[in-house]
Amino acid sequence: NISPTQLAKQFNVCRSTIYSTKKRFQHHHTLKSKPRKGRPQKLTFAEKRYIYLLARRRPKIGYKALIASSGFSISHSTIKRVLRTFQLKKWKAKKRIPLRPDVAKKRLQFARTWANSTYLSEMMFSDECSVQRKSNNSTQYVFRFSNEAYRKDLVNLTNHGKDISQMVWGAIWIGGRSELVVLERDEVSPRGGYSTKSYLACLEKGLLPIYKPGSIFQQDNAKIHVSYEAQDWLERHGIWVPDWPAHSPDLNPIEHLWNLLKKKLLELYPELFLGGRSQIDWTQFRESIQAAWWAIPQERIDRLIRSMPRRLQAVRLARGWYTKY
């Protein structure tokens with residue numbers, strides 16, 4: 001037999017540890033410590049589940065309203081812990097355009113029709129985008145000391161007024177892209193905006209030189225795209241346009257390319273926001289957009305287009321409703 005003193009020396013512990021371990025084994029037949037009771041639970045499982053069901057029934061409810069609705073005298077942190085046990089957490093809601101059931105149904109039908117199509121890899125995706133010279137970036141981070149919060153070169157400049165912006169049109173396909181065409185306003189249109197005439201002038205310059213007979217040209221359902229004049233122009237030039245579902249930016253990979261274009265513009269020309277509104281500034285801004293457009297790697301464009309099967313699958317799984325794209 002080994003004495004407690006020898007065991008304590010062998011395992012480099014005090015003798016009281018040896019005695020308590022021996023006593024634990026004699027009484028409980030295990031060397032593991034018994035679980036501690038800790039602070040008693042304030043809520044029963046049924047009460048926790050009631051709070052969880054309230055949150056599920058009213059997912060947009062605030063924490064204060066949720067506590068009031070539950071009728072329990074509990075804190076904000078208790079609510080969080082309770083919901084965390086059910087793997088429920090409050091997230092920032094995603095922004096999406098409104099969809100009606102009939103639109104969701106058409107989106108689902110489109111996704112099913114094109115799911116196994118071999119033409120997806122040959123489709124030309126097009127769209128217009130308004131590019132602004134100044135970016136209202138609300139999540140900019142800088143390295144600074146605590147007393148430099150309002151240093152003039154470290155604040156996040158936010159533009160409250162209208163600055164130079166340019167509407168452009170572009171098209172992409174696997175292996176290539178079109179020229180980035182500047183849309184000119186139609187002075188005779190209401191409010192001097194962009195009309196079907198502006199759009200067709202853009203297609204004359206950007207689409208006709210690159211379009212190959214039999215190719216699929218995608219465009220969304222903007223009014224200037226689906227007007228009688230635009231449809232007649234497309235038919236006369238033999239351009240194949242699929243019946244694109246309304247409110248479906250998640251199915252058009254060029255939407256993500258516009259974000260890349262704006263980031264590339266700020267990356268290449270961070271000094272743009274210092275310019276004025278003269279004709280020289282306008283010309284420089286347009287030239288900068290063109291340079292940023294061609295600076296985007298073609299590999300990124302191809303990768304976006306090859307995501308189409310996954311986009312269609314996401315629409316099918318969502319039954320035509322919202323997706324992550």
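L304 CG to E255 CD: the interatomic distance, rounded to the nearest 0.5 Å, is 11.0 Å. Atom CD1 of I289 is separated from atom OG of S165 by 9.0 Å, given to the nearest 0.5 angstrom. Between the CD atom in E187 and the OG atom in S195 there is a gap of 10.0 Å [rounded to 0.5 Å]. Note that NE2 of H29 is 16.0 Å distant from NZ of K32, once rounded to the nearest 0.5 Å. Put simply, CZ on F125 and CG on D220 are 12.5 Å apart, with the number rounded to the nearest 0.5 Å. Q219 CD to I254 CD1: the interatomic distance, rounded to the nearest 0.5 Å, is 12.5 Å.
A donor-acceptor contact shorter than 3.5 Å is absent between the side chain of S248 and the backbone of L251. R316 contributes no side-chain N or O that, together with a main-chain N or O of R112, makes up a donor-acceptor pair within less than 3.5 Å. A donor-acceptor pair under 3.5 Å is formed between the side chain of Q231 and the backbone N or O of H225. Remark: the backbone N or O of A171 is not paired with any side-chain donor or acceptor of S126 at under 3.5 angstrom. Using a distance-only test at 3.5 Å, with no hydrogens or angles considered, no donor-acceptor pair links the side chain of T30 to the main chain of H28. Here the side chain of R24 pairs a donor or acceptor atom with the backbone of L31 at under 3.5 angstrom.
Summarising the geometry of P209 relative to G206, their closest heavy-atom pair is CD-C, 4.0 Å, with the distance given to 0.1 Å. Between G320 and L99 the shortest heavy-atom distance is O-CD1, 4.0 Å. Here the closest heavy-atom approach between residue P245 and residue R107 is recorded as CB-CG, 3.9 Å.
Both cation-pi conditions hold for K90 and Y63: the charged atom is under 6.0 angstrom from the six-membered ring centre and inside a 45 degree cone around its axis. No cation-pi contact links K262 to W258, judged by a cut-off of 6.0 Å to the six-membered ring centre and 45° from its axis.
Between the side chains of E128 and Y199, no donor N or O sits under 3.5 Å from an acceptor N or O. Looking only at atom types and distance, the side chain of S20 has no donor-acceptor partner in the side chain of T17 under 3.5 Å away. D186 and S198 share no side-chain donor-acceptor pair at under 3.5 Å. One side chain, E204 or W233, offers a donor N or O that lies under 3.5 Å from an acceptor on the other.
Residues L66 and L83 have side chains in contact (heavy-atom distance under 4.5 Å, counting atoms from C-beta outward). Two residues are said to be in side-chain contact when any heavy atoms from C-beta on lie closer than 4.5 Å; Y322 and K94 fail this criterion. Side-chain contact between I51 and I74: present, with at least one pair of heavy atoms (C-beta onward) separated by less than 4.5 Å. At least one side-chain heavy atom of K48 sits less than 4.5 Å from a side-chain heavy atom of F86. Residues M167 and Y194 meet the side-chain proximity criterion, which asks for heavy atoms closer than 4.5 Å. Looking at heavy atoms from C-beta onward, M124 lies in side-chain contact with Y211 at the 4.5 angstrom threshold. Two residues are said to be in side-chain contact when any heavy atoms from C-beta on lie closer than 4.5 Å; R306 and I301 fail this criterion. Between W321 and P101 there is a side-chain heavy-atom pair separated by less than 4.5 Å.
Between R177 and D302 there is no salt bridge, since no side-chain N of the basic residue sits under 4.0 Å from a carboxylate O of the acidic one. Using a 4.0 Å cut-off between charged side-chain N and carboxylate O, E299 and R303 make a salt bridge. Salt-bridge check for D102 with K106: failed, with every basic side-chain N at 4.0 Å or more from each acidic carboxylate O.
More than 12 heavy atoms of other shown residues, nucleotides or ligands fall within 6.0 angstrom of atom CG in L208. No more than 12 heavy atoms of other residues, nucleotides or ligands sit less than 6.0 Å from atom CD of E179. Other residues, nucleotides and ligands contribute over 12 non-hydrogen atoms within 6.0 Å of the CG atom of N147. The number of heavy atoms from other shown groups lying within 6.0 Å of CZ (R96) is above 12. The number of heavy atoms from other shown groups lying within 6.0 Å of CD (Q26) is above 12. More than 12 non-hydrogen atoms from other residues, nucleotides or ligands lie less than 6.0 angstrom from CZ of R144.
If you chain together hydrophobic residues whose side chains sit under 4.5 Å apart, I210 and V241 fall into the same group. The hydrophobic clustering, which links ILVMFWY residues whose side-chain heavy atoms are closer than 4.5 Å, places I67 and L88 together. Grouping the Ile, Leu, Val, Met, Phe, Trp and Tyr side chains by contacts below 4.5 angstrom, directly or via other members, places L257 apart from Y325. In the hydrophobic clustering of ILVMFWY residues, with side-chain heavy atoms under 4.5 Å counting as a link, I97 and V315 come out apart.
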Item to complete: Could you please spell out the steps behind the side chain to side chain contact (heavy atoms under 4.5 Å, CB included) verdict for W282 and Q166?
Response: CA-CA 9 Å; W282 272 98; Q166 180 62 63; 3.6 Å; yes
Practice prompt. Apply side chain to side chain contact (heavy atoms under 4.5 Å, CB included) to the pair M123 and F217, showing each step before the final yes or no.
Written response: CA-CA 6 Å; M123 188 177 290; F217 173 67; over 6 Å; no
Worksheet item: Do S3 and T5 pass the side chain to side chain donor-acceptor pair (under 3.5 Å) test, and can you show the C-alpha distance, the side-chain angles, and the key distance before you say yes or no?
Response: CA-CA 5 Å; S3 67; T5 302; 4.7 Å; no
Worksheet item: Does the side chain to side chain contact (heavy atoms under 4.5 Å, CB included) test come out yes or no for I239 and L207, once each step is laid out?
Response: CA-CA 10 Å; I239 297 174; L207 178 62; 3.6 Å; yes
Discussion item. If you apply the rule side chain to side chain contact (heavy atoms under 4.5 Å, CB included), what do you find for V131 with L261, and how did you get there?
Written reply: CA-CA 9 Å; V131 183; L261 172 64; 4.1 Å; yes
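Side-chain rings of W240 and Y119 approach one another, their centers coming within less than 6.0 Å.
Taking the six-membered ring where the residue is Trp, F110 and W244 present perpendicular rings, their angle passing 60° and hence far from 30°.
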